[in-house]
Amino acid sequence: MEYNKDFSIQDILSQFKKGTNTEVYGNGHINDTYLCETSPKFILQRINTNVFKNPDAVMENIYNVTNHIRDKIKEAGGDPDRETMVIVPTRKGDIYYRHENGECFRMYTYVENTISYDVAERPEILMYAGHAFGKFQRMLSDFPAEKLHETIADFHNTPVRVAQLREAMEKNLSGRLASVWNEVEFALDYSKYAPEITAAMEKGDVPLRVTHNDTKLNNVLFDIKTDEDVCVIDLDTVMPGSVLYDFGDALRFGASSCEEDETDTEKIYFDLEKFEAFSKGFLGELGQCLTEKEIELLPLSALIMTYECGIRFLADHINGDTYFKIHRENHNLDRARNQFALARDIEKKLPEMAEIVKKYL
Ligand code: ADP
Ligand code: GN1
Ligand code: MG
């Protein structure tokens, strides 16, 4: 297979002890993922250094976090080679490979007999996703946060994301601003919700915890036969954050009726059955240790994280699509409209969501 890049994939593979016959794999928006069809299989990834400016910091975080989780899994009698990511070192023993042209690559073992979903086919999948992310955060509750590098500053600081949108509007690098006025109006109107989580964190009502920060449904691998969660992946953004980021972001993606880029906004709604399933799984793992304010903000976190992701897509559209991978014209705009439609529906359902949360505490 040919890759239109300034490197040869065979050369990259030869830097690791394993892997041949690669094909492009996965639906992530950030890194390039390749599956090495050997036996056993491996995952090769090109780290997006436009997004992650400090790959050393990213890989050091992943190395330390997976080692910590490994110990927890062993203590619990689980299978550490299946239940957490395993880094395959380079021939030189490094945790990633930096090509002379600056491109960075890492390899992981492939977790067999698993599947990841872009849309949950059954609400139970959300329960297992909630379990996966709740357990992930619980296993990291005694991880020394000061050991973690902040891989992307202000990643879920929603007011900063609003400021970034305003900056994109001022610069209007793509010249598209005039064509997205409806979306911008929505974004500015709903910015009233932006400070709710950060303000509670500043007051100390919402504590800083070690969080995943990218809790998309497709960042969990599920057992192909039983639906049970096996492994949380995509650990690039594990950083100190709020439990509300992980809860809200997971629902933004997982409790939607549609894929994140569905263009028929009539079809997009927030599925309360999926919300309930996720809450059950997540709060079953973490409910006991949440503060009063965290609990109060759980429903709103889904709205805020959906809004935040929407304005990030919109800002990227206005900036000329420099951050998220796109696969068609106006892809980021479609995604932004999708997230805004979902945010509107979540807003209507907040009281019902609060009732559901109460059931699982
Ligand atoms: P991105 O940062 O671009 O989202 P991910 O790390 O999430 O990249 O990987 C993209 C996809 O590749 C995942 O959604 C999953 O389907 C698959 N994948 C990644 N790592 C593994 C693994 N170790 N075993 C099996 N599948 C994997
Ligand atoms: C990106 O890498 P991926 O596809 O799992 C993004 C998330 C967004 C998400 C939207 C590092 O996640 O923050 O919520 O797209 N990751 C980064 O789908 O920006
Ligand atoms: Mg991913």
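Atoms considered below: every heavy atom in the structure, side chains included; atoms not considered: hydrogens, waters and symmetry mates. Every number for a ligand or one of its atoms is a count from 1 in the order of the listing.
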Short N/O distance, under 3.5 Å, between [X] and ligand 1?
X: Tyr25; value: no
X: Asn27; value: no
X: Val111; value: yes

Inset, instruction - Using a cut-off of strictly less than 2.8 Å, determine whether Asn31 has an N/O/S atom near the Mg ion (ligand 3). - result: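 No - counting backbone and side chain alike, Asn31 has no N, O or S atom under 2.8 Å.
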Legend entry - 2.8 Å cut-off met by an N, O or S atom of Asp214 to the Mg ion (ligand 3):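 No, since none of the N, O or S atoms of Asp214 sits under 2.8 Å from the Mg ion (ligand 3).
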Legend entry - Asp32 touching ligand 1 at heavy-atom level, < 4.0 angstrom: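 Heavy atoms of Asp32 never come under 4.0 Å of ligand 1.
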Inset, instruction - Would you check whether Gln45 reaches within less than 4.0 Å of ligand 1, judged by its heavy atoms? - result: yes
Are the side chain of [X] and the backbone N or O of [Y] linked by a donor-acceptor pair below 3.5 Å?
X: Ser257; Y: Lys267; result: yes
X: His212; Y: Asp214; result: yes
X: Asp249; Y: Phe253; result: no

Ligand-side contact atoms (ligand 1) for residue partner [X], heavy atom cut-off under 4.0 Å:
X: Gly28; answer: 1 (P), 3 (O), 4 (O)
X: Ile30; answer: 3 (O)
X: Thr33; answer: 8 (O), 9 (O), 10 (C), 12 (O)
X: Gly26; answer: 11 (C), 12 (O)
X: Thr109; answer: 22 (C), 23 (N)
X: Ser116; answer: 14 (O), 15 (C), 16 (O)
X: Ile233; answer: 13 (C), 15 (C), 18 (N), 19 (C), 20 (N)

Backbone, side chain, both or neither: what part of [X] comes under 4.0 angstrom of ligand 2, heavy atoms only?
X: Asp236; value: neither
X: Tyr323; value: side chain
X: Tyr245; value: neither

Answer yes or no for [X]: is there a heavy-atom contact with ligand 2 below 4.0 Å?
X: Arg335; value: no
X: Phe313; value: yes
X: Arg252; value: yes

Under 6.0 Å between the ring centres of [X] and [Y]?
X: Tyr190; Y: Tyr193; answer: yes
X: Tyr245; Y: Phe155; answer: no
X: Tyr25; Y: Tyr34; answer: no
X: Tyr117; Y: Phe222; answer: yes
X: Phe324; Y: Phe313; answer: yes

Would you tell me which option among [options] has the nearest heavy-atom contact to [atom]?
atom: atom 14 (O) of ligand 1; options: Val220, Asn218, Leu217; value: Asn218
atom: atom 2 (O) of ligand 2; options: Ile152, Ile30, Thr237; value: Ile30
atom: atom 9 (C) of ligand 2; options: His156, Lys216, Gln339; value: Lys216

Inset, instruction - Would you please test Asp334 and Arg328 for salt bridge (charged side-chain N to carboxylate O under 4.0 Å, His left out) and show each step? - result: CA-CA 10 Å; Asp334 291 344; Arg328 60 178 190 240; 3.1 Å; yes
Inset, instruction - Answer yes or no: does an N/O atom from Asp234 fall short of 3.5 Å to an N/O atom of ligand 2? - result: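 Yes, since at least one N or O of Asp234 sits under 3.5 Å from an N or O of ligand 2.
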Legend entry - Candidate list Ile87, Val58, Ile43, test side-chain contact (heavy atoms from CB on, under 4.5 Å), partner Arg106, passing option: Val58
Legend entry - Leu44: which of Ile12, Val88, Leu35 passes side-chain contact (heavy atoms from CB on, under 4.5 Å): Ile12
Does one side chain, of [X] or [Y], offer a donor that lies under 3.5 Å from an acceptor on the other?
X: Asn213; Y: Asp236; result: no
X: Asn332; Y: Tyr323; result: no
X: Gln339; Y: Thr306; result: no

Could you find the nearest protein heavy atom to [atom] and give me its residue, atom name and distance?
atom: atom 15 (O) of ligand 2; answer: His29 CD2, 3.4 Å
atom: atom 12 (O) of ligand 2; answer: Asp214 OD2, 3.1 Å
atom: atom 10 (C) of ligand 2; answer: Glu260 OE2, 3.1 Å
atom: atom 8 (C) of ligand 2; answer: Arg312 NH1, 3.8 Å

Inset, instruction - Give the minimum heavy-atom separation between Ala120 and Leu217, together with the two atoms involved. - result: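 So the two residues come closest at N-CD2, 3.6 Å.
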